[in-house]
Amino acid sequence: MPWSRIISGIVAIALALVATLLGGWYFTIAIAVVVFLGQEEYFNLVRVRGIFPAAKTTMFVSQVLLVICILDGSLADAVMPIAGTLICFYLLFQPKMATISDISASIMGLFYVGYLSSYWVRLRTLGSAAGSNLPFGGYWPRNWSDILQQESLASLPQGLTLTVLTFLCIWAADIGAYIVGKFFGKTRLSEISPKKTVEGAVFGVTASIAVALAGADYLHLPKFLLTGVSLGSLIGISSILGDLTESMLKRDAGVKDSGQLIPGHGGILDRTDSYIFTAPLVYYFVTLLLPLIADI
């Protein structure tokens, strides 16, 4: 593996963990940058197919969506239909008559890169208001040793622990699928991405479940066996689907990578595809299903 890939990967992980730890507007700004760059890459892929989306309008309303998420997450879902309406208005009244493909690609860019990614902000803000000890809603541990002590986890923001656990499950799924698929994979998973194998996918989901089980036990989540298996499966499968979806976009555009921003890794979408579908599923698992599991 090239050193550029290793170093850039370490830097990316470090930046992600620092932003996640800080939370608040710090985390939101980090997500906003990723969304902006990811949408640029997405629209570049779309233009290769001769489609002319409302790129600037879509990117603007996506940023507004993220701001609303940090201010009041309950209003965030109202932005999606309003933003879709604004995008259609823009395309309908421009000099060149828009096509179905132009409108569809614009709405997909809003939903796929902007709306789904906004759930990372919503997930990180869970229970964060009470734990904020920095300006702009940020958080920083007063005693680093407390983070490693199981009995002190209750004092950490819920959104922080759940977001970190989700990251760990995604990393376990990606690494597990890559290693097993590379050395032991024989059965192709999908024609969309020939290098992905069934063996790698199964081990990736298994690795995600193992990390989720350990995390659910460590965090004292209710019915940790059921919670760990359910959450780990959800994250492992959704990360694979996210990877395949981005591969489908690149295959349709006829390119190998979505961009060249990250040395040795390609573009932003190449590195964040496993995260796109995961956040909303984890958010609703925690807010809707976890209370039900606790009552079983």
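- Within the 3.5 Å criterion, the main-chain N or O of T163 finds no donor-acceptor partner in the side chain of R124.
- Taking the six-membered ring where tryptophan is involved, the planes of F167 and Y275 are perpendicular, since the angle between them exceeds 60° and thus also 30°.
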Inset, instruction - Kindly indicate, with the supporting measurements, whether the criterion salt bridge (charged side-chain N to carboxylate O under 4.0 Å, His left out) is fulfilled by D77 and R122. - result: CA-CA 11 Å; D77 289 331; R122 305 190 209 190; 3.1 Å; yes
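- A donor-acceptor contact shorter than 3.5 Å links the side chain of D270 to the backbone of G267.
- To the nearest 0.5 Å, the span separating CG on L116 from OG1 on T278 amounts to 10.0 Å.
- Listed by chain and residue number, V61, V79, L110 satisfy the side-chain contact (heavy atoms from CB on, under 4.5 Å) test with A83 (two or more places apart in sequence, or in another chain).
- Once rounded to the nearest 0.5 Å, the distance linking CD1 of I70 with OG1 of T28 reads 3.5 Å.
- In this structure a side-chain-to-backbone donor-acceptor pair under 3.5 Å is present from S208 to G232.
- For the atom pair CG of L292 and NZ of K223, the computed distance is 11.5 Å after rounding to the nearest 0.5 Å.
- Listed for the S239 side chain is a donor-acceptor partner under 3.5 Å among the backbone atoms of G236.
- Just one residue in the list R271, K250, E41 forms a side chain to side chain donor-acceptor pair (under 3.5 Å) with S258, and that residue is E41.
- The line from CD1 of I268 to CG of D273 is 11.0 Å long, rounded to the nearest 0.5 Å.
- In this structure, L91 is not a member of the same hydrophobic cluster as F89, with clusters built from ILVMFWY side-chain heavy atoms closer than 4.5 Å.
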Legend entry - Verdict with reasoning, L162 to Y283, per side-chain contact (heavy atoms from CB on, under 4.5 Å): CA-CA 9 Å; L162 292 173; Y283 176 81; over 6 Å; no
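- Under the 4.5 Å side-chain heavy-atom criterion for ILVMFWY residues, a single connected hydrophobic cluster contains both W25 and V35.
- E199 contributes no side-chain N or O that, together with a main-chain N or O of V180, makes up a donor-acceptor pair within less than 3.5 Å.
- Listed by chain and number, the residues in a side chain to side chain donor-acceptor pair (under 3.5 Å) with E40 amount to none (sequence neighbours excluded).
- Rounded to the nearest 0.5 Å, atoms CG (D102) and CD1 (I87) are 12.0 Å apart.
- Ring orientation note: the planes of Y119 and Y115 are nearly perpendicular, at an angle over 60° on the 30°/60° scale.
- Using cut-offs of 30° and 60° for the angle between ring planes, the F136 and Y26 rings count as perpendicular.
- Interatomic distance, CZ of F285 versus OG of S238, reported as 12.0 Å (0.5 Å rounding).
- Exactly one of T166, L219, L221, L126 qualifies for a side-chain contact (heavy atoms from CB on, under 4.5 Å) with T161. That residue is L219.
- A donor-acceptor pair is defined here as one N or O able to donate and one able to accept, closer than 3.5 Å; no such pair exists between the side chain of K196 and the backbone of L244.
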Inset, instruction - Output, in order, the C-alpha distance, side-chain angles, deciding distance and verdict of side-chain contact (heavy atoms from CB on, under 4.5 Å) for Q39 and Y112. - result: CA-CA 9 Å; Q39 285 183 325; Y112 176 64; over 6 Å; no
